[in-house]
Engineer: 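Here's a structure for you.
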Amino acid sequence: MKKRTHLAKLAMVFLGLFFVSHTSSAQILRKLGKAAERAAERTVERRVEKETSEKTDQALDSIFEPGESKKKTKKKSSSKKDNTSTNKAPTETSGTNGNSASTVPKNASPTMAIYSKFDFVPGDTPLFFDDFSNDFVGDFPSRWNTNGSGELVTVEGENSKWLKLLPGFTTAYIPDISPLPDEFTLEFDVIALGLDKKTSSQAYFGIVIEDNNTFKKGANMGMVEYSLCQFIDPGITVENKVASKRVIRNIVKADIRQVVNNKHHISVAINKERFRFWINENKYIDVPRLLPSNVQMQGIKFMLRGTDTNKESILISNIKVAKGGVDLRRKLLADGKISTNGILFNSGSAEIQPQSMGIIRQIYQVLQQDSSINLKIVGHTDADGDDKKNLQLSKQRAEAVKNALVSIYDVSSSRLSTDGKGESEPVGDNSSPDGKSMNRRVEFIKL
C-alpha cells in the first residue's frame with residue numbers, strides 16, 4: 001500500500017513537471033514567434049527603405065545627371081558625398097591658396113549639379129579678403145574690431161584659421177572698407193560648434209549693413225539674422241531702419257537646422273537698395289528696397305546673440321568683400337573679355353567649390369544665347385609654392401571650368417579652349433591675402 005502511494009506521488013510530480021515544461025515551452029514559443037515577427041517587420045522595413053532610397057537616387061540623377069544608367073547610380077550614391085552633410089569638417093575646402101597640383105575630375109559631382117541654378121555672382125573688384133594667414137592663433141585678428149572678444153583657432157581638416165566669436169552678444173566689423181560701394185558682395189564660411197536641442201530659440205547670427213562703421217547703432221541699416229536653434233525652426237529674420245524708423249521686420253519660415261549645424265557658405269549681394277542672402281545654394285532673402293535710397297552705407301557688421309557661453313560658438317573664415325557683382329554676361333559680350341576671382345577652388349587642387357557656379361552659369365547663358373561664340377579659358381594662381389606646379393595647376397583649373405560647362409550645361413567642348421599662366425601675370429601683391437586673392441583668377445576671352 002505504501003509502495004502504491006509512493007508511486008502515485010511520483011506520477012503526480014512527473015505530471016506537474018510535464019505541465020510546467022509544456023507551459024514554459026509554449027511561452028518560449030510564443031516569445032520566439034513575436035521575435036520572429038518583429039525581425040520580419042524590420043527586414044521588410046529595411047527592404048522598403050533601400051528600394052525607396054534607390055528610387056529617390058534614380059530620380060535625382062535623372063534631374064541632375066541625365067544619361068546616367070541606373071546601375072551607375074547605385075554604385076555612385078555611396079561614393080560621392082556633399083561635404084556639408086556631416087558634422088566632421090571636410091578636408092581642404094577653404095580658400096584657393098596652397099598651389100600644389102591635383103587631378104581634375106572628369107565628371108561634375110552631384111553637389112556641383114545641385115548648385116547649377118545658383119544665381120549668386122560675386123563682385124569682380126576685390127575690396128577685402130581675410131583668411132587670417134598673417135595673424136597668430138589665439139589672437140583676435142588685427143584687421144578687425146569687436147566690442148566683445150574672440151580668438152583665432154584651427155579646425156581639424158581645415159587649412160585656414162577661423163575666427164571664433166565670443167558667445168553671448170558680440171559685434172565684430174572690418175574697419176578698413178568704409179565707405180561701401182553702392183553694389184558689392186560679401187562671402188564667408190561658417191562652422192557652428194556645440195549646437196543641440198538645448199540651443200536657445202533666441203540664438204541668432206546676423207549680417208548688418210549700416211550707415212556707420214562703429215559700434216553705434218545707425219539710423220539707416222538693413223539686416224538678416226538666421227537662427228541657430230535646433231529644437232524648433234524660428235526661421236530667418238529680415239529687418240531695416242530708414243531715418244531711425246523701422247519699415248520692415250519679417251520672419252521668413254525656413255527649416256535650416258541641419259544646414260547651420262554643418263559647415264556652410266554665406267553669400268550676400270547688395271545692389272543699391274536691394275539685399276539678397278544665400279545659405280549654400282539656396283536664396284532665402286531677396287528684398288528690392290531693404291536699404292534706404294540716397295544714403296551711403298559705411299560698414300559690414302557680424303552680430304552673434306543668444307548662444308551659451310559654455311558650449312556654443314560660431315567660427316568664420318575666408319571673408320571676401322568685392323565691388324560689383326551685377327552682370328558679367330553684358331561685360332563679356334561688350335568687352336569680349338572678363339576676369340574673375342569669384343571661381344574658387346579647393347586648396348591646392350583644381351576641384352571647383354560649388355558656390356562658384358553662379359559665374360559659370362552666366363558664362364553658359366552667354367554661350368547659349370549666341371551659338372557663334374567660342375571662348376578661351378585661362379587660369380591664374382598666386383605665387384605660393386613652386387612656379388612649375390603653379391603653371392600646371394592653372395592649366396588644370398581652366399580645364400576644370402571647361403569640364404563644368406560641358407558636363408553640367410552640355411556646352412560643346414569644341415567651343416572651349418583652355419590655357420594657364422600660373423603665377424606669371426600677377427595683378428595684386430602676393431605678399432598679402434588681398435593681393436593673393438586678386439591673383440587667383442580665371443579669364444574668359446571671346447575668340
Side-chain angles (χ1 to χ4, degrees), residues 120-130 140-150 163 165-166 168-188 190 202 204-227 235-252 266-279 283-306 314 316 318-326 434:
F120 171 78
V121 177
D124 52 3
T125 305
L127 299 176
F128 177 87
F129 177 81
D130 204 354
F140 193 86
S142 57
R143 302 175 71 190
W144 293 65
N145 198 11
T146 181
N147 63 354
S149 188
L163 172 56
L165 297 174
L166 180 72
F169 194 102
T170 298
T171 298
Y173 71 93
I174 308 161
D176 299 329
I177 53 170
S178 185
L180 296 169
D182 291 339
E183 295 180 305
F184 68 92
T185 58
L186 164 69
E187 295 179 80
F188 58 98
V190 183
Q202 299 303 307
Y204 281 86
F205 183 53
I207 299 96
V208 184
I209 310 300
E210 206 156 23
D211 64 2
N212 69 79
N213 206 23
T214 68
F215 296 116
K216 178 183 176 182
K217 289 186 177 181
N220 300 279
M221 69 90 174
M223 176 185 73
V224 168
E225 283 187 314
Y226 65 94
S227 174
I236 301 172
T237 301
V238 56
E239 182 178 342
N240 76 348
K241 281 198 302 184
V242 178
S244 298
K245 293 183 180 180
R246 180 187 291 169
V247 179
I248 294 174
R249 179 175 171 81
N250 188 34
I251 297 176
V252 176
I266 298 296
S267 308
V268 175
I270 303 298
N271 301 109
K272 298 181 180 179
E273 300 167 60
R274 187 177 185 179
F275 193 124
R276 290 176 291 167
F277 172 84
W278 293 259
I279 303 178
K283 180 166 60 179
Y284 291 97
I285 302 296
D286 190 348
V287 182
R289 297 187 180 183
L290 186 69
L291 296 175
S293 60
N294 301 319
V295 176
Q296 181 72 62
M297 294 293 105
Q298 300 287 336
I300 301 171
K301 302 178 184 180
F302 301 82
M303 300 183 67
L304 177 63
R305 64 181 176 92
I314 290 292
I316 63 174
N318 302 311
I319 300 92
K320 177 184 176 183
V321 183
K323 181 179 179 181
V326 189
D434 289 338

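Predicted, not measured: the structure shown is a model, and the values here were computed from it.
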Engineer: Per the ring pair (Phe, Tyr, Trp, His ring centres under 6.0 Å) rule, which among Y173, W144, Y204 passes with F302?
Structural biologist: W144
Engineer: For D434 versus R143, what's the shortest heavy-atom pair and its separation?
Structural biologist: OD2-NH2, 2.6 Å
Engineer: So do the side chains of F205 and L165 get within less than 4.5 Å of each other, counting heavy atoms only?
Structural biologist: yes
Engineer: Do you know which two heavy atoms are closest between N212 and K217, and how far apart they sit?
Structural biologist: ND2-C, 4.0 Å
Engineer: How long is the straight-line distance from CD1 of I177 back to CD1 of I300, given to the nearest 0.5 Å?
Structural biologist: 4.0 Å
Engineer: Check the surroundings of atom CZ in R289: do more than 12 heavy atoms from other residues, nucleotides or ligands lie under 6.0 Å from it?
Structural biologist: no
Engineer: If you round to the nearest 0.5 Å, how far is CD1 of I207 from CZ of F275?
Structural biologist: 6.5 Å
Engineer: If the condition is side chain to side chain contact (heavy atoms under 4.5 Å, CB included), which residues does T171 pass it with, not counting sequence neighbours?
Structural biologist: N147, F169, F215, K301, M303
Engineer: Distance check, rounded to the nearest 0.5 Å: S178 atom OG versus E210 atom CD?
Structural biologist: 11.5 Å
Engineer: Is N213 reaching over with its side chain to a backbone N or O of P175, donor-acceptor style, under 3.5 angstrom?
Structural biologist: yes
Engineer: How close do A322 and G123 get, heavy atom to heavy atom, and via which atoms?
Structural biologist: CB-O, 3.5 Å
Engineer: How many angstroms lie between atom CE of M223 and atom CD1 of I285, to the nearest 0.5 angstrom?
Structural biologist: 11.0 Å
Engineer: What verdict does the side-chain contact (heavy atoms from CB on, under 4.5 Å) test give for T214 and Q298, after you've listed the backbone C-alpha separation in whole Å, the side-chain angles of each residue and the deciding distance to 0.1 Å?
Structural biologist: CA-CA 9 Å; T214 68; Q298 300 287 336; over 6 Å; no
Engineer: Out of curiosity, K283 NZ to S267 OG, how far, rounded to the nearest 0.5 Å?
Structural biologist: 11.5 Å
Engineer: Hey, does L186 have a side-chain heavy atom less than 4.5 Å from the side chain of I319?
Structural biologist: yes
Engineer: Is there side-chain contact between I266 and Y226, with at least one heavy-atom pair below 4.5 Å?
Structural biologist: yes
Engineer: Starting from the C-alpha separation in whole Å, work towards a yes-or-no answer on side-chain contact (heavy atoms from CB on, under 4.5 Å) for L163 and F140.
Structural biologist: CA-CA 7 Å; L163 172 56; F140 193 86; 3.9 Å; yes
Engineer: Measuring from atom CG of L127 to atom CG of L180, what distance do you get when rounded to the nearest 0.5 angstrom?
Structural biologist: 8.0 Å
Engineer: After noting the C-alpha distance and the side-chain angles of E273 and S293, does the key distance pass the side-chain hydrogen bond (donor to acceptor under 3.5 Å, both in side chains) rule?
Structural biologist: CA-CA 6 Å; E273 300 167 60; S293 60; 4.6 Å; no
Engineer: Just wondering, do N318 and F129 contact through their side chains at under 4.5 Å, heavy atoms?
Structural biologist: yes
Engineer: Determine, stepwise, if the pair E183 / I270 fulfils side-chain contact (heavy atoms from CB on, under 4.5 Å).
Structural biologist: CA-CA 5 Å; E183 295 180 305; I270 303 298; over 6 Å; no
Engineer: Can you find a pair of side-chain heavy atoms, one from D286 and one from R274, that are under 4.5 Å apart?
Structural biologist: yes
Engineer: Taking the side chain as everything from C-beta on, heavy atoms only, tell me whether T237 gets closer than 4.5 Å to R249.
Structural biologist: yes
Engineer: May I ask you to decide if N220's main-chain N or O and D211's side chain share a donor-acceptor pair within less than 3.5 Å?
Structural biologist: yes
Engineer: Are P292 and K241 side-chain neighbours, meaning at least one heavy-atom pair lies under 4.5 Å?
Structural biologist: no
Engineer: Shortest non-hydrogen contact from M221 to L291?
Structural biologist: C-CD2, 4.1 Å
Engineer: Can you find a heavy atom in the side chain of F128 that is under 4.5 Å from one in the side chain of D176?
Structural biologist: no
Engineer: Residues two or more places apart in sequence or in another chain: which of them pass side-chain hydrogen bond (donor to acceptor under 3.5 Å, both in side chains) with N240?
Structural biologist: none
